[in-house]
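Structure first, commentary second.
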Amino acid sequence: MLKEIGPAIKITLLLTLLTGLIYPLAVTGVTQILFPHQANGSLVTAGGKFAGSELIGQTFAKPGYFHSRPSAAGSGYDGTASGGSNFGPTSQKLTDRVKADVDKFQKENPGHTGPIPADLMTASASGLDPHISPDAAEAQVDRVAKVRGAPADQIRSLVASATESRTMGFLGEPRVNVLKLNLSLDNRYPLSR
Amino acid sequence: MTTPGVLQIVVFFLVVVALTKPMGLFLTQVYEGRRTFLHPVLRWLEALIYKLCGIREDEEQKWTQYSFALILFSVVGVVLAYVLQRAQGHLPLNPQNFGTPVMTPDLAFNTAVSFVTNTNWQSYSGESTVSYLIQMAALTVQNFLSGAAGIAVAVALTRGFARQQVKTIGNFWVDLTRGVVYVLLPLSIVGALFLCSQGVIQNLKPNVVVQTLEGAQQVIPMGPVASQESIKMVGTNGGGFFGANSAHPFENPTPLTNFVQLVMIFLIPAGLTYLFGRMVKDTRQGWAIFATMSLLFLIGVAITYPAEQAGNPILTKLGLDSTSGNMEGKEVRFGVSASSLFAVVTTDASCGAVNAMHDSLTPLGGLVPLFNIETGEVIFGGVGAGLYGMLLFAIVAVFIAGLMVGRTPEYIGKKIEQKEVKMAMLALIATAASILIFSGISSVVDFSKTGYWNPPGAGTANLTNSGPHGFAEILYAFSSGAGNNGSAFGGINTNTPWYNLTMGLDMLIGRFLFIIPLLAVAGSLAAKKRVATTSGTFPTHGPLFVGLLAGTVVIVGALTYFPALALGPIVEHFLMYSGKLFAAVVGSLPIWS
Amino acid sequence: MPTAIEQPLISADPTDLIPKRLARARPLFDPEILGRATKQSFVKLNPVTLMKNPVMFVVEVGAAVTTVILVRDLFGGGAAIGFQVQIAIWLWFTVLFANFAEAMAEARGKAQAEALRKTKTDSVAKRLLGSGKTEEVTSSQLRSGDVVICETNDIIPGDGEVIDGIATVDESVITGESAPVIRESGGDRSAVTGGTKVLSDHVKIKITSNPGETFLDRMIALVEGAERQKTPNEIALNILIAGLTLIFLLAVVTLQPFAAYSVASTGLGHVPSVAVLVALLVCLIPTTIGGLLSAIGIAGMDRVMQHNVLAMSGRAVEASGDVNTLLLDKTGTITLGNRQAVEFLVVEGVTELDLADAAQLSSLADETPEGRSIVVLAKEKHGLRGREVGEHEARFIPFSAYTRMSGVDIDGRMLRKGATEAIINFVVEQGGTAPASFRELSDRISRSGGTPLAVADGPRLLGIVHLKDIVKGGMKERIGQLRAMGIRSIMITGDNPLTAAAIASEAGVDDFLAQATPKDKLEFIRKEQAEGRLVAMTGDGTNDAPALAQADVGVAMNTGTMAAKEAGNMVDLDSNPTKLIEIVAIGKQLLITRGALTTFSIANDVAKYFAIIPAMFLTTYPVLGHLNIMKLHSPESAVLAAVIFNALIIIALVPLALRGVAYRPQGAAALLRRNLLIYGVGGILVPFPGIWVIDRLLAFLRLA
């Protein structure tokens with residue numbers, strides 16, 4: 001049986017070469033040619049500089065921006081520490097955090113009545129969720145419109161145009177890309193500096 | 001639950017059903033050594049590998065030789081992966097300059113074992129620990145190799161049923177090579193290109209620092225993700241490039257990629273059921289296995305999805321919209337339906353990739369993945385692992401109930417006798433022992449905070465949650481390890497010597513004390529005569545058998561783990577509805593320290 | 001003393017294969033046997049012997065541990081003494097009940113063995129010496145190869161073969177059949193059994209067995225279970241339940257730290273006591289099947305014995321359940337032993353009366369059953385009475401293989417009957433002719449499966465007597481039942497294919513082997529086995545021995561030769577070849593009983609979890625009361641009720657284990673559906689009301 005040692009070592013090294021170097025490098029080469037934008041992070045620019053990735057959420061705290069969801073990635077939307085809160089449903093910490101966020105939300109959006117869209121008060125799985133639900137955007141429209149000095153309906157239509165619907169009508173959920181929405185917000189209704 | 005939510009589950013299932021036969025036919029051709037449509041392109045590569053490695057393609061092995069080759073191969077894999085990780089600071093393609101210190105010996109051991117056993121448990125977070133070279137040459141490689149090894153075992157076991165009165169069950173090296181060259185590599189290439197087109201990154205650049213709209217600095221991580229993401233799904237490995245795994249937008253950017261990833265998980269396992277039927281020359285047998293898996297899969301989804309949709313009553317009371325469902329730990333683009341589906345699929349299979357944080361699932365929503373893992377991930381299961389695991393349960397089911405037709409038990413024309421039962425029980429006992437004993441010790445063990453083993457102190461000090469949920473984190477970890485799943489109730493920090501080493505052992509037991517008994521079964525079956533099928537033979541292709549097999553899986557799992565589950569997710573469910581909260585993490589327990 | 005309960009041993013279903021009247025059946029609960037079994041239950045508590053049964057051994061260890069802790073608490077002043085006492089008592093009962101089941105089965109065998117042993121007295125044998133003289137020795141001094149003389153009223157001292165002479169022998173000791181049998185040298189009736197008695201004449205017997213190895217010895221050992229070896233399937237099942245026991249042991253042992261964590265994290269309640277953990281363990285491990293498994297095996301052997309069949313091993317009984325192909329000899333098994341005259345067919349110009357008369361006359365001296373049936377048929381159809389031969393001048397011509405005919409020369413007439421060709425030759429010799437229609441007639445009878453017996457009066461052909469094989473009543477139904485069970489029946493006959501095919505279709509067998517020589521039989525068995533089938537057959541002659549040995553289940557007739565008995569793995573003391581079908585049914589019933597009780601045992605656990613787990617953790621997690629779906633009275637009553645149910649179910653199932661579950665011949669799918677429903681689903685459901693009732697009782701009696 002010891003004769004199997006030779007093949008064991010040789011095949012491991014050979015397949016390492018094939019699947020560990022040739023395969024990923026070849027895929028890298030091809031995708032850099034075919035899909036350079038996507039392969040390099042779908043980065044977006046603002047004012048000639050990289051302002052982020054359209055796939056990666058950012059922290060928005062200012063009242064003039066639509067806010068993202070709470071993030072458990074590092075101190076919030078940290079690209080080097082993706083992850084969720086990992087709080088279980090009976091966690092005191094989860095309840096405390098949500099309670100604090102609810103209070104903050106109600107303070108910031110006094111016009112909002114009724115239940116708060118859950119996604120806006122809960123941390124995402126990746127901590128980098130670029131989206132909020134259309135309801136969560138709607139809940140913030142009044143606040144943003146007020147700060148931006150724009151009519152709520154116009155903000156609403158911006159939200160609508162930033163809303164992606166379900167793929168093919170049934171995959172996933174309708175969602176609003178917060179970074180893209182805030183970028184178009186900055187374009188159309190710049191904050192007075 | 002929403003109509004589109006239900007629809008995407010139904011469509012997903014239909015796609016799997018539709019792909020099973022073509023995939024199965026292709027797999028049968030590959031493993032029977034027949035010519036496939038890929039031969040003109042890839043046969044030279046297969047032949048070259050045999051030539052360079054000194055493998056005789058036509059030489060077959062007995063089960064002992066087959067097992068020995070598998071073990072040897074795995075040992076070499078662990079050593080190589082360990083060495084590469086430990087040396088990452090001295091190797092190229094490390095733009096973030098991750099040094100050797102973060103890759104401690106126990107972490108490197110855990111990770112090496114984890115990837116070689118197809119578990120892909122990650123005590124680390126990829127984006128802050130592992131260089132691109134290691135991601136590719138150590139981890140991606142093992143995604144291929146452990147997957148191909150798993151399929152090889154399933155095919156060898158199938159040969160045991162299909163053959164009669166022979167000593168050999170195939171050649172491990174040949175099965176391994178064919179799996180990599182014709183199955184995993186082509187699927188991965190196609191998958192990687194598709195995923196990249198949808199936004200999964202694939203580059204070797206250092207991380208990019210951007211200035212956010214609010215003026216802060218944000219690091220955008222980079223790396224060769226698509227190539228790893230693809231094999232991570234088709235090989236049911238599940239080890240993410242990033243800590244957030246398939247929840248990370250760079251791993252799984254859209255609902256469409258999510259859907260495709262789900263299909264990729266079930267693709268080979270479902271195809272293998274057809275291969276089974278085909279190789280034993282009775283496709284109904286394969287479809288019966290498929291139907292059993294489908295039944296259990298649909299039951300799982302039917303529990304998880306409503307549970308997640310119902311949300312967390314405690315948070316609803318705080319003013320959250322109850323119609324949104326439980327969104328803690330979920331991504332908006334996937335929502336409740338796709339996240340629930342993913343949680344079930346990834347634990348039905350021994351994939352372990354996650355697109356939502358299982359730790360934050362509702363108790364019942366989390367119970368299903370945990371139970372799926374503890375029943376051995378036989379619902380489609382890991383590539384190969386699902387089929388051979390389900391065949392183990394078929395052996396047990398046929399042995400218990402088969403007597404009730406008044407004949408000594410037989411399955412696919414093979415008598416199920418002492419040896420088969422002994423080996424099946426050995427596999428079941430080994431995994432149960434590993435899960436229960438390690439979980440038991442870790443729930444009560446205490447360590448010095450200044451010592452080597454577990455700097456946080458007690459075994460429970462590594463938990464994020466307390467109460468039943470904290471216990472569930474421990475139970476889930478060791479279940480995931482022994483089940484070679486890799487998903488986690490992520491609140492547990494297992495990057496300490498105690499957990500890294502015990503989980504390493506746990507994964508080795510779960511993999512090899514399961515595979516080797518089954519290869520022994522394969523050897524024993526292959527040597528047997530095939531008994532004739534008559535109307536007096538226990539029928540193993542009808543709805544009755546499907547029900548029996550599904551029942552056996554559930555009952556054996558439930559009987560083994562019910563006490564533990566009762567103190568975890570089950571009691572937590574009732575506690576959640578009574579509004580009970582848990583704050584303090586349990587420290588050391590005086591009676592046990 | 002309670003009177004013994006007379007119960008039918010099997011269901012009263014008319015389609016049931018197993019006959020209702022069992023030669024050696026005894027009531028299920030014979031007081032004497034009950035007493036013996038009760039005593040044995042305690043003897044079997046010895047851990048050394050109990051260790052062979054891992055499940056019950058674990059229960060005993062659990063009972064012992066609980067008792068030790070109880071004693072400690074009694075003196076140390078622990079809490080909940082009453083509860084602990086009850087748990088300990090019921091755990092011991094669990095072991096005792098399982099022991100009782102096994103002891104019952106063994107006691108039934110022992111009682112039978114004792115009856116046999118009484119007949120086994122040391123007899124005096126007359127050993128033939130080289131000089132031709134005899135010496136008197138005791139039977140225990142005889143060795144294989146010795147030759148003895150047995151005369152009227154001698155007990156045959158050992159198993160052997162008649163090498164000279166002929167005698168009538170009373171074999172009722174072995175067979176229970178009082179009619180004497182003939183034993184003679186040469187041929188297939190030469191075997192004699194030790195312990196049987198010569199009734200008349202004297203024979204020379206060559207002893208073929210050493211003392212302690214005789215047929216009677218083996219029979220005693222077998223029914224007593226002393227030589228009982230576990231069968232392959234039983235061993236495999238033992239491994240399964242031992243494995244499950246280990247898994248449950250793990251689940252229960254690790255529950256302790258899990259509970260410690262839970263108690264610490266809530267600050268409520270306490271870790272379950274050892275008594276409760278042991279109770280949980282005992283309830284979960286498959287005690288029902290663990291306790292009854294060996295009883296089922298012994299009872300299965302016993303059932304075979306009750307049918308007057310001696311199985312040389314349990315393995316053979318198990319294998320008979322697996323049989324796919326049954327080789328049935330035509331003569332004596334499928335058909336009545338003899339052909340019978342059913343019809344007189346005349347040639348043109350002859351009246352049926354003439355033919356009947358001639359046929360009857362020619363058969364008057366024919367003592368064969370065929371001959372007698374001709375006499376009877378002639379009487380029935382034409383009122384011809386058997387005449388006194390003495391009134392006429394008659395010379396009877398006996399049958400000879402050379403002439404192939406027999407007959408009578410009477411009053412100048414030469415009446416002959418015989419094979420068609422032989423009679424035609426005779427007629428031609430006498431100057432007559434045979435019309436072509438005569439041959440056609442003869443062929444037609446052959447084709448229909450009958451035997452044509454031509455009759456001639458000198459040169460005049462009269463016609464043909466149609467002799468027919470009579471298929472036994474109900475044979476077709478039985479074959480049909482076998483087919484439903486998935487068993488092919490093959491008829492073996494020496495007849496030509498034409499005749500064989502006709503009888504085969506009448507009897508409804510699946511196939512036949514015509515003009516079969518012993519070698520053909522052997523080849524056929526090998527071929528079937530190569531195709532993965534298990535074959536059963538009966539045989540009696542020495543030339544059957546190879547086939548009997550090759551068959552998976554070979555039933556030798558007790559009237560057969562020693563060689564046949566040695567080659568087979570069962571001996572039918574009644575020498576009834578049809579019994580093969582019953583043996584198969586018993587084998588199946590044994591396996592079904594095993595599977596049913598295993599399934600039942602495992603399915604029971606579901607309810608026990610629902611009883612015990614909430615009870616265990618009610619103080620730590622009061623919300624677990626939601627799982628108390630039976631609404632049991634208190635944690636103590638819940639645990640006790642589960643333990644008591646677990647113990648009582650063993651006793652409740654003893655009759656089922658001994659008697660075997662009801663078996664009706666049907667296809668596997670239907671059987672499985674039925675049994676899964678009864679023992680699987682039933683096994684899940686039954687304990688819920690069972691535990692609930694016991695819980696109510698406990699609460700009512702204020703025991704918990």
Side-chain angles (χ1 to χ4, degrees), chain A residues 1 4 6-12 14 16 19-20 24 27-28 31 35 38-42 50-53 55-56 58 79-80 82-84 86-92 95 98-99 102 115-119 121-122 124-126 128-133 166-167 170-173 175 182, chain B residues 4 7-8 53 55 68-69 72-73 76 127-128 136-137 141 144 173 192 196-197 199 201-203 210 212-213 219-221 224 227 242-244 247-249 253 255-256 259 312 315 318-321 324 327-329 331-333 335 356-357 359 362 464-465 469 490-491 575-576 581-583:
Chain A
M1 285 213 217
E4 307 282 8
I9 293 173
K10 283 186 216 158
I11 203 167
T12 304
L14 201 60
T16 298
T19 62
V27 170
T28 307
T31 52
F35 319 110
Q38 294 95 316
N40 293 313
S42 307
F50 286 134
S53 163
L55 296 177
I56 303 288
Q58 295 184 358
T80 62
S82 65
N86 283 320
F87 290 145
T90 54
S91 164
Q92 180 77 52
T95 304
V98 171
K99 203 180 277 173
V102 166
I116 305 163
D119 61 298
M121 297 292 108
T122 49
S124 65
S126 63
L128 304 172
D129 194 343
H131 301 112
I132 53 175
S133 66
R166 292 187 173 99
T167 311
F170 69 98
L171 290 180
E173 297 295 331
R175 57 207 180 271
N182 284 337
Chain B
L7 194 61
Q8 68 180 335
C53 301
I55 296 162
F68 186 72
L72 206 58
F73 175 70
V76 172
E127 60 265 49
S128 59
M136 298 184 331
V141 170
F144 278 97
W173 305 118
C196 189
S197 76
I201 59 174
Q202 177 74 20
N203 60 57
V210 298
T212 67
L213 293 195
V219 176
I220 305 292
S227 57
F242 300 110
H248 199 292
L256 182 62
F259 187 84
N312 182 344
L315 298 188
L318 294 179
L320 265 56
D321 188 354
S324 326
M327 284 302 289
E328 180 73 17
E331 300 283 295
V332 168
R333 62 189 180 284
M357 290 301 131
D359 216 349
T362 59
T464 297
N465 292 281
H469 199 82
L575 289 169
M576 180 178 82
L581 294 175
F582 289 87

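Proteins get letters first, then strands, A, B, ... in listed order; numbering begins at 1 in each.
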Report the distance from atom [atom1] of [X] to atom [atom2] of [Y], rounding to the nearest 0.5 Å.
X: B/Q202; Y: A/T28; atom1: CD; atom2: OG1; result: 3.5 Å
X: B/I201; Y: A/L55; atom1: CD1; atom2: CG; result: 9.5 Å
X: B/M576; Y: A/S91; atom1: CE; atom2: OG; result: 13.5 Å
X: B/L581; Y: A/T95; atom1: CG; atom2: OG1; result: 4.0 Å
X: A/S126; Y: B/M357; atom1: OG; atom2: CE; result: 7.5 Å
X: B/L315; Y: A/K99; atom1: CG; atom2: NZ; result: 10.5 Å

Region of [X] that comes under 4.5 Å of a non-hydrogen atom in chain A:
X: B/N312; result: side chain
X: B/I55; result: side chain
X: B/F259; result: side chain
X: B/L7; result: both
X: B/L318; result: both
X: B/S197; result: both

Looking only at heavy atoms, what is the nearest atom pair of [X] and [Y], with distance?
X: B/A356; Y: A/A125; value: CA-CB, 3.7 Å
X: B/D359; Y: A/P89; value: O-CD, 4.3 Å
X: A/P24; Y: B/M136; value: CB-SD, 3.6 Å
X: B/N465; Y: A/N86; value: ND2-O, 2.7 Å
X: B/C53; Y: A/L14; value: SG-CD2, 3.8 Å
X: A/P115; Y: B/D321; value: CB-CA, 3.5 Å

Quick one: does B/E127's side chain have a donor or acceptor within less than 3.5 Å of a partner on A/S82's backbone?
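Flag set: sc B/E127 to bb A/S82 pair under 3.5 Å.
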Taking A/T122's backbone N and O only, do any of them form a donor-acceptor pair with B/E328's side chain (distance below 3.5 Å, no angle check)?
no
Tell me every residue that passes side-chain hydrogen bond (donor to acceptor under 3.5 Å, both in side chains) with A/T16, counting only those two or more places apart in sequence or in another chain.
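Scan of A/T16 (side-chain hydrogen bond (donor to acceptor under 3.5 Å, both in side chains), adjacent residues dropped) gives none.
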Non-neighbouring partners of A/S42 that pass side-chain hydrogen bond (donor to acceptor under 3.5 Å, both in side chains), sequence neighbours left out
none
Please determine, among A/V102, A/I132, A/N182, A/I9, the option with the most heavy-atom pairs under 4.5 Å with chain B.
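The candidate making the most pairs under 4.5 Å is A/I132.
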Tell me which of these, [options], has more heavy-atom pairs under 4.5 Å with chain A than the rest.
options: B/E331, B/H469, B/M327; answer: B/E331
options: B/A192, B/G199, B/G335; answer: B/G199
options: B/V332, B/T212, B/V76, B/V219; answer: B/V332
options: B/A69, B/S128, B/P4; answer: B/P4

Is the shortest heavy-atom distance from the side chain of A/I56 to the side chain of B/V210 under 4.5 Å?
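A/I56 vs B/V210: side chains apart.
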Side-chain contact, heavy-atom cut-off 4.5 Å: A/R175 with B/P255?
yes
Before giving the answer on side-chain contact (heavy atoms from CB on, under 4.5 Å), spell out for A/D129 and B/R333 the whole-Å C-alpha distance, their side-chain angles and the decisive distance to 0.1 Å.
CA-CA 8 Å; A/D129 194 343; B/R333 62 189 180 284; 4.0 Å; yes
Residue part contacting chain B, namely of A/L128, when any heavy atom lies under 4.5 Å
both
